[in-house]
Chemist: 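One structure, pasted below without further comment.
The figures that follow rest on heavy atoms only: side chains count, while hydrogens, waters and symmetry mates do not. When a residue number appears, it is its place in the shown sequence, counting from 1.
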Amino acid sequence: YRNREEIAFTRSTRDPLEFVKKCLLDNEFIDEAEIKSTEKRIRKSVQEEVMKAKESTSPPLDELTKHIFATSLEPQCDSEYPPHIRMPNYEKSFWANGHRN
């Protein structure tokens with residue numbers, strides 16, 4: 001659990017969005033009014049998409065596993081499976097052709 005001061009401090013020092021905003025302002029690439037209008041436009045867009053998602057029907061159950069598993073391990077086939085998957089432990093990484101390139 002963090003108190004409000006801790007959360008505010010963390011946001012002001014480690015939040016990547018706040019960091020980018022500060023850099024843009026400090027280097028005069030953008031002014032405060034442009035930031036506010038951009039944030040307002042983004043919030044509106046996100047809200048519209050959320051409403052669309054809430055109003056739409058749930059996808060069929062067979063859609064839940066689409067684009068997760070490959071239909072083939074062949075690197076050049078009609079599959080979204082990448083030819084290499086980098087695991088946190090490099091030794092356990094997976095190559096579709098069975099060995100490291």
Side-chain angles (χ1 to χ4, degrees):
Y1 176 78
R2 294 187 202 166
N3 61 36
R4 290 178 193 248
E5 292 80 27
E6 244 185 309
I7 293 169
F9 176 76
T10 301
R11 282 188 181 151
S12 68
T13 59
R14 299 185 64 197
D15 183 351
L17 296 177
E18 292 300 321
F19 175 76
V20 169
K21 280 195 273 188
K22 183 178 179 342
C23 287
L24 291 170
L25 286 167
D26 289 350
N27 293 294
E28 299 177 354
F29 287 113
I30 197 168
D31 62 24
E32 197 68 43
E34 289 175 290
I35 287 177
K36 286 194 183 293
S37 71
T38 301
E39 287 177 337
K40 185 177 179 180
R41 182 176 42 82
I42 290 169
R43 266 193 234 83
K44 181 180 177 190
S45 174
V46 168
Q47 202 59 359
E48 288 170 358
E49 294 302 318
V50 167
M51 291 307 293
K52 257 200 275 185
K54 286 182 176 182
E55 291 168 358
S56 67
T57 59
S58 296
L61 289 178
D62 64 336
E63 288 285 318
L64 294 177
T65 57
K66 281 200 173 174
H67 310 294
I68 295 174
F69 299 106
T71 54
S72 170
L73 294 179
E74 294 299 317
Q76 301 302 322
C77 74
D78 187 26
S79 174
E80 293 181 17
Y81 200 82
H84 174 254
I85 298 175
R86 171 68 163 88
M87 301 301 283
N89 178 345
Y90 187 74
E91 297 301 316
K92 294 182 179 179
S93 294
F94 174 79
W95 284 262
N97 62 8
H99 62 281
R100 291 182 201 159
N101 294 335

Chemist: My understanding is that only residues two or more places apart in sequence, or in another chain, count here; which of them pass side chain to side chain contact (heavy atoms under 4.5 Å, CB included) with E49?
Modeler: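 So E49 forms a side chain to side chain contact (heavy atoms under 4.5 Å, CB included) with K52.
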Chemist: So do the side chains of R43 and K40 get within less than 4.5 Å of each other, counting heavy atoms only?
Modeler: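 Yes, at least one pair of side-chain atoms sits under 4.5 Å.
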Chemist: Counting distance only, does the side-chain N/O of T10 pair as donor-acceptor with the main-chain N or O of E6 below 3.5 Å?
Modeler: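 Yes, because the side chain of T10 sits within donor-acceptor range (under 3.5 Å) of the backbone of E6.
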Chemist: Do E39 side-chain atoms and K36 backbone N/O form a donor-acceptor pair below 3.5 Å?
Modeler: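 A pair under 3.5 Å: no.
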Chemist: Can you hop from F29 to I35 via hydrophobic side chains spaced under 4.5 Å?
Modeler: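 Both belong to a single hydrophobic cluster.
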Chemist: With side chains defined as the heavy atoms from C-beta onward, is the minimum distance between K21 and L24 less than 4.5 Å?
Modeler: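 K21 does not reach L24 side chain to side chain.
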Chemist: Are the side chain of D31 and the backbone N or O of A33 linked by a donor-acceptor pair below 3.5 Å?
Modeler: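 Here the side-chain-to-backbone pair exists.
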Chemist: Which ILVMFWY residues are connected to F9, directly or by a chain of links, through side-chain heavy atoms under 4.5 Å apart?
Modeler: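 Via sub-4.5 Å side-chain contacts, F9 links to none.
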Chemist: Linking I/L/V/M/F/W/Y whenever their side-chain heavy atoms sit closer than 4.5 Å, directly or via other members, would I42 and V20 fall into one cluster?
Modeler: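 Looking at the clustering, V20 is in a separate group from I42.
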